Amino acid sequence: MPPTRHDRAYELDERGSGRPLPRSFFAQPTLTVARQLLGKILVHASPDGTTAGRIVEVEAYRGPRDRAAHSRGGHRSPRNESMYGPAGHAYVYLVYGLHHCLNVVTRAPGVPEAVLLRALEPIRGLSLMRTRRGGAAHPDWQLCRGPGVLCRSLGIDRTFDGRSLRGGRLRIVDAPGFAAPLIRRTARIGVDYAGPDAARPWRFLVAGVQAVSGKRIP
DNA sequence: GAATAGATTGTCT
DNA sequence: GACAATCTATTCT
């Protein structure tokens, strides 16, 4: 497949390589990491081929005091153990018995905070994404629109839980961010059970991007 | 375009 | 046995 305009713009080579982000990037406060992840690129170099997309929507989950987080009240179990691990590693879980969701762990080991990746703008391996989605004729902007769907398109499952995202087959590489005025905040999605924390504006997305979940912002 | 129901299973009470 | 950081198809308007 010939390189696309996006590949050159984001300096991805044939294997989807790029500059990794330092661990210090992921160890920052979770809201900072969430905002700064917008524009970075998630790459999965699988045996079937490489798929990649630019991060355009995320949500922050802020540990024991956040009643929407899996680590609320300091809860710790085999399922969410990765949230307690080092910054820059993955926390992958299954929701509703059907869909995988990918989080990026933040802060110091023992501090169970993370950023959920909710949508990507696809930039590489679009035909493989369509195959993984079951061969339906989805438009490009629908291929990674939503946390479960992006994992399906990129072939991400719980085998990546607890693994580093700064090297290996699944990784996040550096790329230019978005101008601050384009970044919007809203309440998080699907956390109505979380009482007062349901309303906190800890979802970050990019205005003018079609590939975000829910209603897009002009 | 908006609202609704159903899928499907690991995890926790 | 209840519920979940979701998605899709279907049935309205």
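Below, read A as the first sequence line, B as the second, and so on, with proteins coming before strands; counting in each chain starts at 1. The figures that follow rest on heavy atoms only: side chains count, while hydrogens, waters and symmetry mates do not. Only a predicted model underlies this, so the values are computations on that prediction, with no experimental measurement involved.
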- request: To the nearest Å, give me how far apart CG (A/Asp161) and P (B/dG10) are.
  value: 15 Å

task: Would you mind classifying the nucleic acid contact of A/Arg158 as base, sugar-phosphate or nothing, using non-hydrogen atoms under 4.0 angstrom?
output: sugar-phosphate

- prompt: A/Leu150 has an atom CG; how far is it from atom P of C/dT6, in whole Å?
  reply: 12 Å

query: Donor-acceptor pair, A/Arg145 side chain versus A/Val212 backbone, under 3.5 Å?
result: yes

query: Is any NZ, NE, NH1 or NH2 atom of the basic residue among A/Arg130 and A/Asp140 found under 4.0 Å from an Asp or Glu carboxylate oxygen of the other?
result: yes

field: Sugar-phosphate, base or nothing in reach of A/Arg118, heavy atoms under 4.0 Å
entry: sugar-phosphate

statement: Against the side chain of A/Val149, the closest entry in B/dA7, C/dT8, C/dA5 is C/dT8

- prompt: Hey, does the side chain of A/Thr30 reach the backbone of A/Glu113 with a donor-acceptor pair shorter than 3.5 angstrom?
  reply: no

message: Any salt bridge linking A/Arg72 with A/Asp66? Criterion: basic side-chain nitrogen under 4.0 Å from a carboxylate oxygen.
response: no

A/Arg188 CZ to C/dT6 P, straight-line distance once rounded to whole Å: 11 Å

Between C1' of C/dC3 and CZ of A/Arg79, the distance in whole Å: 10 Å

query: Taking only side-chain nitrogens and oxygens of A/Arg133, does any of them come within less than 4.0 Å of OP1 or OP2 of C/dT8?
result: yes

statement: Side-chain contact check for A/Ile189: nearest option of C/dT6, B/dG10, C/dT8 is C/dT6

- line: A/Arg200 CZ to C/dA5 C1', in whole Å, measures 16 Å

Ring centre gap for A/Phe160 and A/His44 strictly below 6.0 Å: yes

- prompt: Taking both distances under 3.5 Å as the test for a Watson-Crick or G-U pair, what stems of at least three pairs does DNA chain B have?
  reply: B:1-7 with C:6-12, B:9-12 with C:1-4

task: With heavy atoms under 4.0 Å as the rule, sort A/His75 into base, sugar-phosphate or nothing.
output: sugar-phosphate

query: Taking atom P of C/dA5 as reference, at what distance in whole Å does atom CZ of A/Phe204 sit?
result: 20 Å

task: Could you check if a side-chain atom of A/Arg166 sits within less than 4.5 angstrom of a side-chain atom of A/Phe25, using non-hydrogen atoms only?
output: no

query: Any side-chain N or O of A/His99 under 4.0 Å from OP1/OP2 of C/dC7?
result: no

message: C/dA5, OP1 or OP2 - any side-chain N/O from A/Tyr193 closer than 4.0 Å?
response: yes

message: Between C1' on C/dA5 and CZ on A/Arg203, what's the gap in Å once rounded to a whole number?
response: 12 Å

task: Looking only at side-chain atoms of A/His70, point me to the closest of B/dA7, B/dC12, C/dA5.
output: C/dA5

- prompt: A/Leu98 has a side chain; which of C/dA5, B/dT8, B/dG10 sits nearest to it?
  reply: B/dT8

message: Once you apply a heavy-atom cut-off of 4.0 Å, does A/Ser213 come out as touching a base, just sugar-phosphate, or nothing?
response: nothing

message: For the P atoms, the ones on B/dA5 and on C/dC3, what distance do you get once it is rounded to whole angstrom?
response: 16 Å

message: In this structure, how many angstroms lie between the P atom of B/dT11 and the CG atom of A/Leu94, rounded?
response: 8 Å

message: Whether A/Asp161 and A/Arg158 form a salt bridge (side-chain N of Lys/Arg under 4.0 Å from carboxylate O of Asp/Glu) is what I want to check.
response: no

message: Can you see whether A/Ser71 engages A/Asn80 through a side-chain donor-acceptor pair at a distance of less than 3.5 angstrom?
response: no

- request: Among the candidates C/dA5, C/dC7, B/dC12, find the nucleotide nearest to the side-chain atoms of A/Pro147.
  value: C/dC7

